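In what follows, a single structure is set out as C-alpha cells and then discussed.
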Amino acid sequence: MSPSRSAFRESNLFAAPIRDLRLAIDQTPLAPILDQFREELRAKGITRLAPQFHLSTEWGVPFGTIVIGIPFYLARPELVELHGEEVGHIEGLGREDILRYLRHEMGHVVNYAYKLYDDKEWVKLFGSITQPYLEDYRPQPFSRRYVRHLPGWYAQKHPDEDWSETFAVWLTPGRDWRKEYAERPAALAKLEYCDQTMQRLNEQDPLITATELDEDVGELKYSLRDYYKNYPVESEPSAGLDGDLRAIFDDLAVGPKQTSPAEPLPASALIRRLERPLMADIFRWTGHFPERTRSLMRHLAKRADALRLSYSPQTETDAIVGVTIFITSLAMNYVHRGSYFPETSPAPVSSGAALAEKAAAAGNGPSPADSDEKEKRADDAARQKSAAI
C-alpha cells in the first residue's frame, strides 16, 4: 500500500462525511482536462450547448438534464489510488481516459438537450429509448453493428448508450471514423447520421437546459469508509476449478534443468498480481464486468493457496499466459451462457441479445444468429450499391 493511500485511510477524513472533504473541480487535475474538452466541443461547432459539470458518485447524466456527473475520486490523486485499492477498476485513469468518458457522457447531454430519442431516424438506427435499461447486459464481442469506444462493448447495452458511443467516436479529435468503419456499414450509417444531425443542431438552441444535480458530492452524508463498505461486490463462484488450476501449474512447477534449480513461487501470488490488469482487459474485450473478474480471481487465488500450487520463476511467462487464457475462457462462458459452467443454470439474461432471443422464441422476431446473417447480407448489399455508384 502506498504511503499516500495508507495515510488517507488512517486519517479522520476516511470516516468523515464525504461532503466535508470539500471536493471541487476547480484547482484540481480535472480542471485543465475540462478546459481541453470544451475546446474539443468548440472545434466541432458545439457552442450553443454548454454542459454543466459536477462531482458525483459515478459517471452519468440524469435523464432530461445537461449535467455531467464525474466520479468524485478523480478530483484528488490519493482518492484515485484509494479507489483502485478498494474497487480495482478505475473509470477515468489518466487524462485520455477521462476525456474518453466525457465524450461519451456528452452524447447523453446532446440526446436529452435536443430530444433526439423522439426523432424517427434516431429510433430506426438506435432503437427505442423506452427499451428496459438493465445493468447486466451480455454483449456480442466484435459485432459490426456498433462502434467501439468505452470498454466492454458498451454501445450494445441500450439504444441511449449506442447513440452516446457513436457520438463519442464522432467527437474524438483526429479519428477518421469514415475510414475506420468503412467495412461496417451499419455502424457507419449511425456515424453519418450523427455527423449530419450535429451540423444541423449546431445552429439551434437546445430544447432542454435543466441542471438538476444528482448525488452531488457536496450533499453526500456518508463517509468513504461507508461508501466502499457498501460498494457492490460479486459472490465468488462455486467450487469446481481445482483441476483446471492444477492443469496450469503442475507442468510449471519445475523449470528447465539447471545445476541449481530456482526456488518455486506461489501461484496464488501471481494470480493476485494479475488481478488489476486482467479486470480491465477482460472487461474491454469480453464485456465480463470487472467486479466479477475480481471475485473470480480471488476465489482462484484462495484455491491455489489451499492446493499449494507453485511455479518455477523460469516458467513465469507460461504461467501468466495460462492464467490469462483460463480467466478469459471463463469470462466468455459467463458472457454467452450466464454461468462459468455451461451445464449449470444460467443467470438471468438481461441484454438486447436476450430480448431478441425471447422475441424469437415467441415468434416475434429473428434470433441473434439470424440478425447477424441479415446484417452480413445488408453489409454486402450496401457495398455492392456503393460500388455501383
Side-chain angles (χ1 to χ4, degrees), residues 56-65 67-74 83 86-92 97 100-101 104-105 107-109 111-112 117 126-141 143 145-168 214-215 220 222 227-237 278-297 330-340 345-359 368:
S56 185
T57 54
E58 60 184 355
W59 289 103
V61 178
F63 185 81
T65 76
V67 175
I68 295 179
I70 301 173
F72 67 83
Y73 57 81
L74 294 178
H83 191 80
E86 294 287 343
V87 177
H89 183 64
I90 299 172
E91 295 182 331
D97 202 28
R100 191 173 295 115
Y101 278 93
H104 172 91
E105 300 303 343
H108 290 302
V109 170
N111 194 13
Y112 306 157
Y117 50 81
F126 300 98
S128 173
I129 194 73
T130 60
Q131 178 178 310
Y133 192 96
L134 304 169
E135 291 298 335
D136 188 6
Y137 70 106
R138 294 188 196 157
Q140 297 175 355
S143 171
R145 294 192 294 264
Y146 304 91
V147 300
R148 186 174 69 205
H149 179 70
L150 290 182
W153 314 102
Y154 203 64
Q156 300 183 39
K157 186 173 186 178
H158 187 270
D160 197 8
E161 305 299 355
D162 190 5
W163 156 260
S164 292
E165 288 287 88
T166 301
F167 176 88
D214 183 42
E215 292 190 296
L220 301 181
Y222 47 83
Y227 175 74
Y228 289 115
K229 179 180 179 182
N230 297 317
Y231 206 87
V233 295
E234 290 288 325
S235 58
E236 293 184 354
L278 286 187
M279 284 174 65
D281 287 340
I282 286 177
F283 178 49
R284 175 174 296 279
W285 295 109
T286 72
H288 187 257
F289 291 163
E291 55 269 25
R292 289 190 180 132
T293 299
R294 188 183 210 191
S295 294
L296 173 61
M297 294 191 70
L330 288 169
M332 290 302 295
N333 259 359
Y334 194 96
V335 169
H336 286 285
R337 304 292 186 87
S339 170
Y340 296 121
S345 299
V349 179
S350 52
S351 67
L355 295 175
E357 287 175 359
K358 291 180 180 179

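No experiment lies behind these values; they were computed from the predicted model shown.
- In terms of heavy-atom proximity, S143 sits nearest to Q156 at CB-NE2, 3.9 Å.
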**Request:** Report the C-alpha separation of E91 and E58 in whole Å, then their side-chain angles, then the decisive distance to 0.1 Å, and conclude whether the side chain to side chain contact (heavy atoms under 4.5 Å, CB included) test is met.
**Result:** CA-CA 9 Å; E91 295 182 331; E58 60 184 355; 5.6 Å; no

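- Ring geometry, F167 versus W163: the interplanar angle falls from 30° to 60°, so the pair is classed tilted.
- Side-chain atoms of S164 and H108 include a donor-acceptor pair closer than 3.5 Å.
- Annotation: Y137 is in aromatic contact with F289 [ring centroid separation under 6.0 Å].
- With respect to E135 and K157, a salt bridge is recorded, a charged nitrogen being found less than 4.0 Å from a carboxylate O.
- One side chain, H288 or Y340, offers a donor N or O that lies under 3.5 Å from an acceptor on the other.
- Considering every non-hydrogen atom in both T286 and A331, the closest pair reads OG1-CB, 4.1 Å.
- In this structure, Y133 has its ring center no closer than 6.0 Å to that of F63.
- Residues D214 and T65 fail the side-chain proximity criterion, which asks for heavy atoms closer than 4.5 Å.
- Classification of R284 and D281 as a salt-bridged pair fails, no side-chain N sitting under 4.0 Å from a carboxylate O.
- The six-membered or imidazole ring of Y73 lies away from that of Y228, with a centre-to-centre distance of 6.0 Å or more.
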